[in-house]
Amino acid sequence: MLGTTSLLVAATVAAKTSYVLAQSTTTPTSNSTLLTNLKVISQYWGQISPYRDNDDRYFGVQDVGLPHGCQVEQVHSLQRHAQRFPTSAFDDGLNDENFAAKVMNFTSAHPASKFAGPLAFLNSYQYIMGEGYLTNVGAVTEFNAGASFWNRYGRTLYNATLGQLQYNASYTNGTARPKPVLRTTSQSRIQNSQISWALGFFGPSFYQTSQPSLSSFGNGSLFDVVIIPEGGTENNSLASYDSCYEDVLQSIDLGDLDLFFGYVPLYIGAATKRMNQYAPTGFTFNNNDTYAMQSICAYENGYIGQSDFCNLFTEAEWQGFEQTLDIEYYYDYSFGSPTGRAQGVGYQQELLARLTNQYITSSNSSVNSTLDNNAAQFPLGRPFYADFSHDDIIISVLTSMSIDYFREHPDLTQFPPDPNRHFILSHLTPFGGRLITEVIGCNSADPVAQHDHATQYYPMEYGYNPANATNKFIRMRLNNGIVPLNTIRTGECEGRTDGLCALPSFLKSQYEAEKLANYQFACFANYTIIKPTNGNDYDGTINNSTGGVIFSPGEITAEYLDSL
C-alpha cells in the first residue's frame, strides 16, 4: 500500500531512521559475484515485483486439476493495482528521492569530481519518476490481467461462441445481460488499473469488426463502476486502513522499524562499502543510499523498463532486499500486526455475503453498508466479481481468513533468508497480483481429486452438467497458485488434497475466523506496543489481555489523527 496514511508518520520515520541505516553493524559474508540477469533480479523485488503466475502447486497443493463432473460456476477476483511510481512514504519514494537529490546536488556543486567504474552513470543521472500513480507498464499489466481473466474464466462462465475473444453484453438471442459491476477505490492508480483491466476483459480494442472510437467501451453499455472514496476516514473494504485508526498509529512501530533498525543494516553493509570504492572524494554512500539504489532499480524498470542501478548487487543482497519487504508487510498487515485481521475482515465479509446471496445492511468493520445494501452497487448472483485494491488488503484478507500456511514470520536475523519460506511478497502480492475465489459445482459430494490440470474448452466438458452439479465447493488461487485451504485454522476444510473445500464447511470456517479480528478494539482502542521491534506475532489481532502492550483509557478518534 504505502499510500496516504504513511504521510501522518513519515516525518517520525525519517527522524528515527536517517542515521540508523547509515550505520552498518554487520558486514555480511556472501558471494561477491554481481547478479546481472534481470529476470532473476526482478524476482526479489517483493511487492514491487512484476507480475508472474505462480505454478499451480507453488503453495503445496499437489492435485491441481478439477475433479470429473466439476466446473467453475462463479469467480470473485480481488485485484491489486499494477506498476506505479514510488509513493511519498519514507521507506519507499522519499528515501529514493533523498538519495537522488544527494547525488544531483553533489554533481552540480562539484562538476570536476566524478563517480567511477559502474557508478559513472551517476555523473549525469537525473531522477525522472513521478509519485504514486499508475505507469504505462502498469496499464499493460492490468490489460493482460483482464484478457487472461476472460480466457480462463469468462469463456466458460458466459458459454463463449467459437473464436470469441471477449465479453459480449448480449445473450445469443440478442437480449441484454445484466451489466457486470466493477468496484474500485477513488485513488488514481486503482481506478486506472480498473480501466486497463476492463479494456482487456471487455475487449473493445480487438473486436472482430474494429471499433476505432471504442464507443461501446465509453458509453457505459458494457459494465458499471462503483467508486468507493479513499483517503479520509470513511469505511472502505478495499482501503481498510482509512477507517482503522490504530493501523495508522501502530504499523509504523512494527514492520517499518524491524526493516529500518534491524534487517537493512544486517545485509547491506558490504554493498555500501563496495559503492564507496567508486565514490569521488567528498561523497559517502550510507545504507540509506544503497537501499535506495535497489528500490530505484525496481521502480525504473516499472516505468521505462530498464535501470543502471540493477547490476550493482549480488543475488544474496537482492534476497536481503526482498526480506526487508517481507518483514515490513508481515508486521504491518499480516499475523505480526495487531490490526492485520481487522484490515482484511471487511472484504472477507463481503465475500461471504456474495457467496450466500445476502446484502450487508449494517457494518461492524470497514464495510460501507450504504453501498453494500442494494443491487445497483452490490449485486448478487453474478457470474463474476472484480474488486480493485491494494497489496496490503490481499495480505490482510489472507490473515483474516486464518489461512495458517501464511503464518510463517520472516526471520529478522537470517541472511541470506530461507528461499523456501512461505511468506514471500513477490509470490503473494506482486504488481497486478490477484486473489481469486472460485465457486465450483460438482455432481458428487466427494469428487475424486485430479492430479493434473486439464484445459477447459467449453462448459459441459469432463462430465459437468449444471442440472446435477448441486454440490458446491470453494477453491482459491493466489496469482494462479492454488491456496491450501486445508490449513485454515478451524479445520473445517481439512481432508482434501486439491485445495477444494465444501461451501458449507468453508462458510463455517470463515464465520469463525472473522470473529478473531476483534475489529472495534483492534482499530480504536488506545494502546501502545512496548517493544515494537521484538518480532512478536500477534496472530493479527489484539485484546485487553495481550502481552507487551500498554492500554490507556479512551479510544482513538479521527480528530486525534487529524491533530497529528
Side-chain angles (χ1 to χ4, degrees), residues 2 13-14 16-36 40-49 86 89-103 115 117-119 122 255-279 283-301 307-331 410-419 421 424-426 533 535:
L2 297 174
V13 177
K16 289 182 177 179
T17 62
S18 60
Y19 66 90
V20 174
L21 294 187
Q23 300 174 6
S24 176
T25 57
T26 305
T27 301
T29 300
S30 63
N31 188 333
S32 60
T33 302
L34 301 183
L35 182 62
T36 59
V40 178
I41 293 170
S42 61
Q43 295 176 15
Y44 298 125
W45 293 343
Q47 83 284 0
I48 54 178
S49 298
F90 179 82
D91 54 308
D92 196 51
L94 183 57
N95 189 49
D96 296 354
E97 293 169 9
N98 288 347
F99 165 69
K102 177 179 175 178
V103 170
F115 293 90
L119 300 186
L122 291 178
D256 301 66
L257 296 187
D258 286 328
L259 181 164
F260 291 131
F261 284 86
Y263 205 80
V264 172
L266 173 70
Y267 89 91
I268 211 168
T272 301
K273 182 178 180 180
R274 192 168 61 246
M275 300 308 164
N276 277 314
Q277 294 176 358
Y278 304 104
F283 187 98
T284 301
F285 288 92
N286 60 42
N287 287 346
N288 297 62
D289 303 329
T290 317
Y291 189 74
M293 294 165 79
Q294 291 187 292
S295 175
I296 292 173
C297 158
Y299 277 118
E300 287 184 343
N301 271 277
S307 172
D308 284 338
F309 290 101
C310 291
N311 296 337
L312 302 175
F313 301 93
T314 68
E315 184 165 17
E317 288 162 354
W318 281 118
Q319 292 168 341
F321 177 74
E322 174 157 65
Q323 179 79 335
T324 69
L325 303 172
D326 296 345
I327 289 168
E328 180 180 28
Y329 273 62
Y330 189 87
Y331 289 102
D411 194 307
L412 300 180
T413 61
Q414 184 185 43
F415 174 70
D418 179 6
R421 63 196 187 277
I424 303 179
L425 282 180
S426 59
T533 59

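Starting from 1, each residue takes its place in the sequence as its number. Just the heavy atoms: all of them, side chains too, but no hydrogens, waters or symmetry mates, feed the values below.
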Between Asp289 and Lys102, does a side-chain contact (heavy atoms from CB on, under 4.5 Å) hold up when you go through it step by step?
-> CA-CA 9 Å; Asp289 303 329; Lys102 177 179 175 178; 2.6 Å; yes
Evaluate the criterion side-chain hydrogen bond (donor to acceptor under 3.5 Å, both in side chains) for residue pair Asn311 and Thr36; output intermediate values, then yes/no.
CA-CA 5 Å; Asn311 296 337; Thr36 59; 5.2 Å; no
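- Remark: Phe283 engages Phe106, Phe115, Phe285 in a ring-ring contact (aromatic ring centres under 6.0 Å, His included) (not counting sequence neighbours).
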Run Tyr267 and Tyr291 through side-chain contact (heavy atoms from CB on, under 4.5 Å) and show every step you take. CA-CA 10 Å; Tyr267 89 91; Tyr291 189 74; 3.4 Å; yes
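- The shortest non-hydrogen separation linking Ile327 to Pro410 is CG1-CB, 3.7 Å.
- Residues that satisfy the side chain to side chain donor-acceptor pair (under 3.5 Å) test with Glu300, not counting sequence neighbours, are Tyr125, Ser307.
- A donor-acceptor pair under 3.5 Å links the side-chain atoms of Tyr263 to the main chain of Gln414, judged by distance alone.
- Partners of Ser426 under the side chain to side chain donor-acceptor pair (under 3.5 Å) rule, at least two apart in sequence or in another chain, are Glu322.
- Taking Tyr44 as the reference, nothing meets the ring-ring contact (aromatic ring centres under 6.0 Å, His included) condition, with sequence neighbours excluded.
- Pairing each heavy atom of Leu122 with each of Val103, the nearest pair is O-CG1, 3.7 Å.
- Remark: Asp326 engages Arg421 in a salt bridge (Lys or Arg N to Asp or Glu O under 4.0 Å) (not counting sequence neighbours).
- Asn288 places no side-chain N or O within 3.5 Å of a backbone atom of Asn95 that could act as its donor or acceptor partner.
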Exercise. Which is it for Leu412 and Thr533 under the side-chain contact (heavy atoms from CB on, under 4.5 Å) test, yes or no, and what are the steps along the way?
Worked result: CA-CA 9 Å; Leu412 300 180; Thr533 59; over 6 Å; no
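- The CG atom of Asn98 sits 4.5 Å away from atom CG of Leu94, with the distance rounded to the nearest 0.5 Å.
- For the atom pair Ser49 OG and Asn301 CG, the distance stands at 11.0 Å (nearest 0.5 Å).
- The two atoms that bring Leu34 and Leu312 nearest to each other are CD2-O, 3.7 Å, heavy atoms only.
- For Phe99, the ring-ring contact (aromatic ring centres under 6.0 Å, His included) test picks out no residue, with sequence neighbours left out.
- A distance of 9.5 Å separates CD in Gln323 from CG in Leu266, rounded to the nearest 0.5 Å.
- Here Asp411 pairs with Thr413 under the side chain to side chain donor-acceptor pair (under 3.5 Å) rule; sequence neighbours left out.
- Remark: Ala271 engages Ile268, Arg274, Thr290, Phe313, Glu317 in a side-chain contact (heavy atoms from CB on, under 4.5 Å) (not counting sequence neighbours).
- At least one side-chain heavy atom of Cys297 sits less than 4.5 Å from a side-chain heavy atom of Trp45.
- Applying side-chain contact (heavy atoms from CB on, under 4.5 Å) to Ser295 and the options Thr324, Asp91, Asp96 leaves one that passes, Asp96.
- Taking OG1 from Thr284 and CE from Met275, the interatomic distance works out to 14.5 Å, rounded to the nearest 0.5 Å.
- The CD atom of Gln43 sits 10.5 Å away from the CD1 atom of Ile424 when rounded to the nearest 0.5 Å.
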